[in-house]
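Contents: one structure, followed by commentary.
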Amino acid sequence: MQKQIKFIPIDYDYFDFKGENYAKIIGRDSDGKKVCIIDSCDVYFWAILKEGVSAKKEKEICEKIDKIKTKTKGRETRVIKTDVHDKKYLGRSVRGIKIFITNYKDAYAIAEQIGFKEVDKRREYDLSYITKYIMDKKVKPLVWYSVSGEVLNNSMEFGGIDASMDIDVIKVEKIEELEEKEQKDFKPRILAYDIETDEFEIGKGEILMISLVGEGFRKVLTWKGEKAKEKYVEHFKDEEEMLEKFVEYVKSYDPDILTGYFSDGFDLPYLRARAEAVRIKLGLGIDGSQPSFSRGRMLTGKIKGILHIDLLKFIRNVYSQYLQSETLSLNDVALELLGEKKDEWEHRHSSKVHGNEWDDYFKYNLKDSDLTLRLAEKIWPDMLEFVRIVQEPLFDLSRDTMATSVENYLIHHMDKFNEIVEKRPVHEEIGTRRGEEKYEGAFVFQPIPGLYDDVVFFDFTSMYASVIVSYNLSKANYSEEKVKGSLEVDLGREKAYFSDRTSFFPEMLGEIIEKRKKYKKEYALKKDNLAKARSNAFKLLANAAYGYQGFFGARYYCLPAAAATAALARKEIKKTIDFIEKKGYKVVYGDTDSIAFLQSGKSKKDILDLLEGINKKLPGIMELDLEGFFKRGIWVTKRTGEFGAKKKYALIGDDGKIKIRGFETVRRDWCGLARETQNKVLELILKNGDEVKAVSYLKDVLNKLKDRKIDLKQLIIKTQLKKPIEDYKSISPHVSIASKMRKAGIQVGIGMLIEYYIAEIEGGKKRALVREKAKMPSEKGKYDIEYYLNNQILPAVENILEVFGIKVSELADGKKQMSLGDY
DNA sequence: GACTGAACTATACC
DNA sequence: ACGGGTATAGTTCAGTC
């Protein structure tokens with residue numbers, strides 16, 4: 001039966017049939033019905049010929065290639081045909097033999113057989129079939145298409161693939177992107193899930209309960225506890241029955257997206273492991289298949305026909321730079337983005353949960369899914385726009401790092417440049433790259449400590465990206481040797497040269513910056529979520545482009561380009577600082593792309609004129625922007641030496657808003673009391689313009705500390721465990737506490753925030769190490785007044801009050817209490 | 001055992 | 001293995017006297 005539908009691709013998969021590859025795409029039609037389409041594309045890679053190969057020779061080589069075949073794993077793959085094209089490779093014109101083969105999986109095996117001396121390079125054998133398919137057919141994820149083709153209905157085509165799926169399967173004959181005006185909204189059907197277990201280790205304990213939350217759908221499935229009060233709780237005989245019902249509910253809800261928080265690493269593998277343990281099939285897939293897991297460094301869980309998303313990964317890789325929260329835990333992220341916390345639940349073994357306590361446990365479990373769903377909905381516009389721009393399927397994109405997304409953006413936009421895609425670095429190459437010496441990075445201005453009135457901040461917009469674009473700093477432009485007309489950049493140890501013709505990397509980056517500007521304006525005009533998400537996506541790509549060229553795993557890795565970007569950025573900011581100083585202003589600070597200077601009685605218009613004057617002289621697309629006017633700003637000295645400390649300052653805007661950078665206040669590895677005290681001291685100084693109130697506040701805190709009136713909660717220090725306990729060469733307090741916790745049977749893992757406080761030890765040595773005094777929050781003890789005074793509170797405020805000539809450090813010895821008592 | 005500088009470690013800034 | 005370098009600052013560790 002023939003059919004024509006409107007279709008939006010959501011989840012991409014592929015399969016082999018009779019030795020050839022097919023894309024199998026799950027999506028929705030305009031009625032919201034789930035549909036699967038099957039399509040295929042040419043499978044090919046490139047052999048780039050050396051310069052000066054004759055037409056006759058070209059033909060001979062093609063004839064030889066035409067005969068190549070390979071037999072592996074019970075399949076035979078052969079070359080279908082070859083033809084020769086004029087292509088570009090790293091911006092240079094080349095002759096490329098396009099080699100069509102029957103199965104992409106053997107692209108590498110075939111490429112290996114093409115070692116003729118006339119062939120310079122073989123490329124694009126390392127792109128995934130899905131990527132190739134999207135590149136070639138332009139069937140982009142989350143974009144609406146018109147599809148016509150045959151509905152497979154119990155046909156034997158593709159070995160009866162349609163019979164295993166209870167949705168329409170269409171074999172594509174024609175697929176066309178709908179025009180922009182026909183591109184309507186798409187709101188996916190999302191289902192969030194979360195499990196609770198006794199054991200943290202995957203599959204070790206039983207799953208006690210599973211929560212599921214979707215639109216108008218809230219369930220907690222369990223086989224524990226008494227009959228619950230709430231009707232969202234459903235009881236089952238045992239774990240097996242609960243798991244079966246879970247599968248049934250997921251299938252009947254029919255989500256596009258199944259999402260969890262850390263679900264790649266915990267919930268999904270746990271479910272799979274427990275299903276195995278109770279000998280049932282976790283047939284979540286549209287064809288009844290079980291979730292599969294890739295064996296990378298990180299687990300990745302895939303379900304056929306349902307897009308499984310681990311929200312934590314997208315948040316960590318893409319979204320986290322917008323976040324202020326101290327950790328990326330569901331609790332912290334939900335609090336920041338939704339203004340809501342997880343429910344309170346004191347974790348304990350299920351044998352210690354009694355009676356109606358289970359109701360709280362169920363509620364807690366439900367809330368996790370509830371928060372996860374709402375986070376997913378909140379972040380959806382960002383995922384949607386990012387996918388549409390980068391053009392990789394959401395399953396991969398949501399797990400990719402920014403470097404990978406930059407690369408995928410390049411790959412999917414390369415056809416415009418007729419470029420053959422560079423290969424991914426192989427193992428040894430990565431080793432060499434990682435071994436390369438670091439290059440000099442950003443310039444940071446040495447501040448002069450003090451409290452200043454009326455501070456102006458300028459900053460360069462997308463500075464590194466605009467430097468790359470303005471000077472064509474990329475692998476395709478780079479040469480070691482001086483070339484006529486090329487730009488010479490002094491990298492200290494060596495010189496690098498960049499041709500002045502543009503190339504795909506800077507050109508695409510220029511477009512990204514342009515689009516960012518365009519959508520930022522669009523968003524300013526109408527506050528639309530999608531416009532904001534689009535603008536953000538381009539901003540993220542622009543900001544990641546510099547790091548990409550210096551990243552060892554990049555196809556277009558070019559360390560000299562990265563080094564030159566930093567070098568030229570240093571040059572421009574220094575020039576700008578000089579210019580501002582020549583105009584009579586006093587520059588007090590600057591870091592990488594920002595400059596702070598004193599307004600010194602000049603009008604705002606004077607400042608804007610100054611800005612305009614600078615912008616007129618900046619090269620290429622570089623641009624300086626006004627970040628803001630601040631009523632006051634404070635810079636302090638380093639703890640050692642009298643110089644001003646870099647990356648540490650606090651400002652108060654004309655609107656009274658306070659901005660603090662680098663101070664202990666914003667560092668999570670300082671105790672709450674030190675952070676709060678410092679924050680308050682900074683606030684009082686910035687608001688009042690003097691230290692009087694700040695000192696009296698400090699005095700109050702010190703007295704409370706000495707009188708043991710401080711709540712232990714305020715004294716807890718949190719430090720992250722960054723590697724396995726055994727790998728530490730130096731046993732600092734948090735490592736010592738971590739091993740203590742492990743001995744006490746508490747699960748300790750990499751990434752965990754270890755909490756402790758410093759206590760007095762009885763009759764101990766005079767000079768005990770800090771770690772010997774560290775205790776777990778649950779351990780009884782008297783907090784060490786001396787420690788908190790000398791190692792937390794005083795260091796946090798010392799340099800700030802020093803700006804006013806107050807030597808707070810002498811108080812620590814108890815010698816000169818009067819200097820504070822005076823206030 | 002006291003002292004000191006280097007090494008190790010975590011976290012921030014842009 | 002899954003962006004980059006710059007910077008501050010605490011604690012431990014190893015060497016010296």
Side-chain angles (χ1 to χ4, degrees), chain A residues 296-298 313 316-318 321 326 396 399-407 424-427 429-431 433-434 436-447 459-460 462-464 540-541 543-555 557 559 561-563 565-567 569-570 573 589-594 627 636-641 643-649 660-670 674 717-723 727-736 753-754 758 765-774 787 790-792 795-796 799:
Chain A
R297 201 170 56 89
M298 283 303 215
K313 283 194 175 151
R316 189 182 52 207
N317 295 337
V318 179
Q321 42 196 303
E326 275 172 20
D396 302 284
R399 291 166 174 84
D400 286 342
T401 60
M402 279 308 297
T404 307
S405 286
V406 167
E407 188 158 284
R424 198 182 287 138
V426 291
H427 189 70
E429 217 166 343
I430 290 177
R433 290 176 179 188
R434 297 195 79 178
E436 287 198 75
E437 249 178 277
K438 281 191 177 183
Y439 57 87
E440 188 181 343
F443 166 75
V444 187
F445 188 95
Q446 177 86 62
D459 62 9
F460 288 91
S462 300
M463 191 192 210
Y464 280 25
L540 285 167
L541 285 173
N543 288 344
Y546 156 73
Y548 172 78
Q549 294 201 99
F551 166 49
F552 54 76
R555 288 173 193 261
Y557 174 79
L559 206 60
T565 307
R570 285 196 302 274
I573 194 172
Y589 187 60
D591 185 348
T592 312
D593 60 355
S594 69
E627 222 270 307
V636 301
T637 59
K638 295 211 299 175
R639 278 188 61 67
T640 50
F643 292 115
K646 297 171 177 180
K647 299 188 185 288
K648 250 186 163 181
Y649 59 93
I660 296 178
R661 290 290 121 96
F663 276 112
E664 284 75 2
T665 299
V666 298
R667 292 182 62 95
R668 69 172 181 202
D669 55 349
W670 281 70
I717 299 164
K718 299 176 189 175
T719 314
Q720 193 182 29
L721 196 70
K722 313 251 308 177
K723 52 188 177 188
D727 290 5
Y728 279 90
K729 290 178 185 162
S730 172
I731 313 300
S732 42
H734 78 292
V735 181
S736 154
L753 272 188
I754 306 295
I758 304 303
K765 294 171 277 183
K766 268 186 200 160
R767 298 177 59 86
L769 292 173
V770 178
R771 68 157 178 255
E772 292 167 324
K773 301 192 282 181
Y787 177 84
N790 295 323
N791 298 45
Q792 293 277 327
N799 299 329

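A, B, ... follow the sequence lines: proteins, then strands. Residue 1 opens every chain. As the structure is a computational prediction, the values presented were derived from the model and not from experiment.
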Donor-acceptor contacts under 3.5 Å from residues 543-551 of chain A side chains, at least two apart:
{"from": "Tyr546(A)", "atom 1": "OH", "to": "Tyr439(A)", "atom 2": "OH", "distance (Å)": "2.7"}
{"from": "Tyr548(A)", "atom 1": "OH", "to": "Glu407(A)", "atom 2": "OE1", "distance (Å)": "2.4"}
{"from": "Tyr548(A)", "atom 1": "OH", "to": "Arg555(A)", "atom 2": "N", "distance (Å)": "3.3"}
{"from": "Tyr548(A)", "atom 1": "OH", "to": "Tyr556(A)", "atom 2": "N", "distance (Å)": "3.1"}
{"from": "Gln549(A)", "atom 1": "NE2", "to": "Leu473(A)", "atom 2": "O", "distance (Å)": "3.0"}

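Looking at heavy-atom distances under 4.0 Å, Phe460(A) makes no contact with the nucleic acid at all. Note on Asn317(A): nothing from the nucleic acid sits closer than 4.0 angstrom, heavy atoms only. Residue contacts shown for Gly662(A) are limited to sugar-phosphate atoms, with no base heavy atom under 4.0 Å away.
One can place NZ of Lys718(A) at 12 Å from P of dA12(B), the figure rounded to the nearest angstrom. Counting to the nearest Å, the P atom of dA1(C) and the CZ atom of Arg555(A) are 18 Å from each other. Atom P of nucleotide dA12(B) and atom NZ of Lys648(A) are separated by 13 Å, given to the nearest angstrom. Atom-to-atom, NZ of Lys723(A) to C1' of dT11(B) comes out at 15 Å; the value is rounded to the nearest Å. Regarding His734(A), its NE2 atom lies at a distance of 12 Å from the C1' atom of dG10(C), rounded to whole Å. Counting to the nearest Å, the C1' atom of dT11(B) and the CD1 atom of Ile717(A) are 14 Å from each other. Taking atom CG on Asp727(A) and atom P on dC8(B), their separation rounds to 14 Å, with Å as the unit. If you measure from atom CD1 of Ile754(A) to atom P of dG10(C), you get 21 Å, rounded to the nearest angstrom.
Checked against salt bridge (charged side-chain N to carboxylate O under 4.0 Å, His left out), Arg570(A) has the following partners two or more places apart in sequence or in another chain: Glu440(A). Shown here are the side chain to side chain donor-acceptor pair (under 3.5 Å) partners of Tyr557(A), two or more places apart in sequence or in another chain: Glu436(A). Applying the salt bridge (charged side-chain N to carboxylate O under 4.0 Å, His left out) criterion to Arg667(A), with sequence neighbours excluded, gives Asp669(A). Take Lys773(A) and apply the salt bridge (charged side-chain N to carboxylate O under 4.0 Å, His left out) test, not counting sequence neighbours, and it matches Asp784(A). For Ser736(A), there are no side chain to side chain donor-acceptor pair (under 3.5 Å) partners two or more places apart in sequence or in a different chain. Residues that satisfy the salt bridge (charged side-chain N to carboxylate O under 4.0 Å, His left out) test with Asp593(A), not counting sequence neighbours, are absent from this structure.
The phosphate of dG10(C) has neither OP1 nor OP2 within less than 4.0 Å of any side-chain N or O from Tyr787(A). Within the structure, a side-chain polar atom (N or O) of Arg639(A) is placed less than 4.0 Å from OP1 or OP2 of dG10(C). Applying the 4.0 Å criterion to OP1 and OP2 of dC14(B), one finds that Arg661(A) has a side-chain N or O inside that range. Considering only side-chain N and O atoms, Tyr728(A) lies under 4.0 angstrom from the phosphate OP1 or OP2 of dA10(B). Note on Lys638(A): a side-chain N or O is less than 4.0 Å away from OP1 or OP2 of dT8(C). Listed pair Arg667(A) / dT11(B) fails the phosphate criterion, with no side-chain N or O lying under 4.0 Å from OP1 or OP2.
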Listing time: all N or O pairs from protein to nucleotides 13-17 of chain C that are below 3.5 Å?
{"from": "dC13(C)", "atom 1": "OP1", "to": "Ile731(A)", "atom 2": "N", "distance (Å)": "3.3"}
{"from": "dC13(C)", "atom 1": "OP2", "to": "Arg771(A)", "atom 2": "NH1", "distance (Å)": "3.2"}
{"from": "dC13(C)", "atom 1": "OP2", "to": "Arg771(A)", "atom 2": "NH2", "distance (Å)": "3.1"}

Dump every N/O contact between nucleotides 3-6 of chain C and the protein below 3.5 Å, one line per pair.
{"from": "dG3(C)", "atom 1": "OP2", "to": "Thr401(A)", "atom 2": "OG1", "distance (Å)": "2.2"}
{"from": "dG5(C)", "atom 1": "O3'", "to": "Tyr439(A)", "atom 2": "O", "distance (Å)": "3.4"}
{"from": "dG5(C)", "atom 1": "O3'", "to": "Gly441(A)", "atom 2": "N", "distance (Å)": "2.7"}
{"from": "dT6(C)", "atom 1": "OP1", "to": "Gly441(A)", "atom 2": "N", "distance (Å)": "2.7"}

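Taking every side-chain heavy atom of Asp593(A) into account, dC14(B) is the closest of dT11(C), dC14(B), dT11(B). Between dT12(C), dC14(B), dG10(C), one nucleotide has an atom nearer to the side chain of Tyr649(A) than all others, and that is dC14(B).
Using bins of under 30°, 30° to 60° and over 60° for the plane-to-plane angle, the ring pair Tyr649(A)/Tyr589(A) lands in the tilted bin.
Atom NZ of Lys729(A) is surrounded by 12 or fewer heavy atoms from other residues, nucleotides or ligands within 6.0 Å.
Of the residues Lys648(A), Lys646(A), Arg661(A), Lys647(A), the one that meets the salt bridge (Lys or Arg N to Asp or Glu O under 4.0 Å) test with Asp591(A) is Lys647(A).
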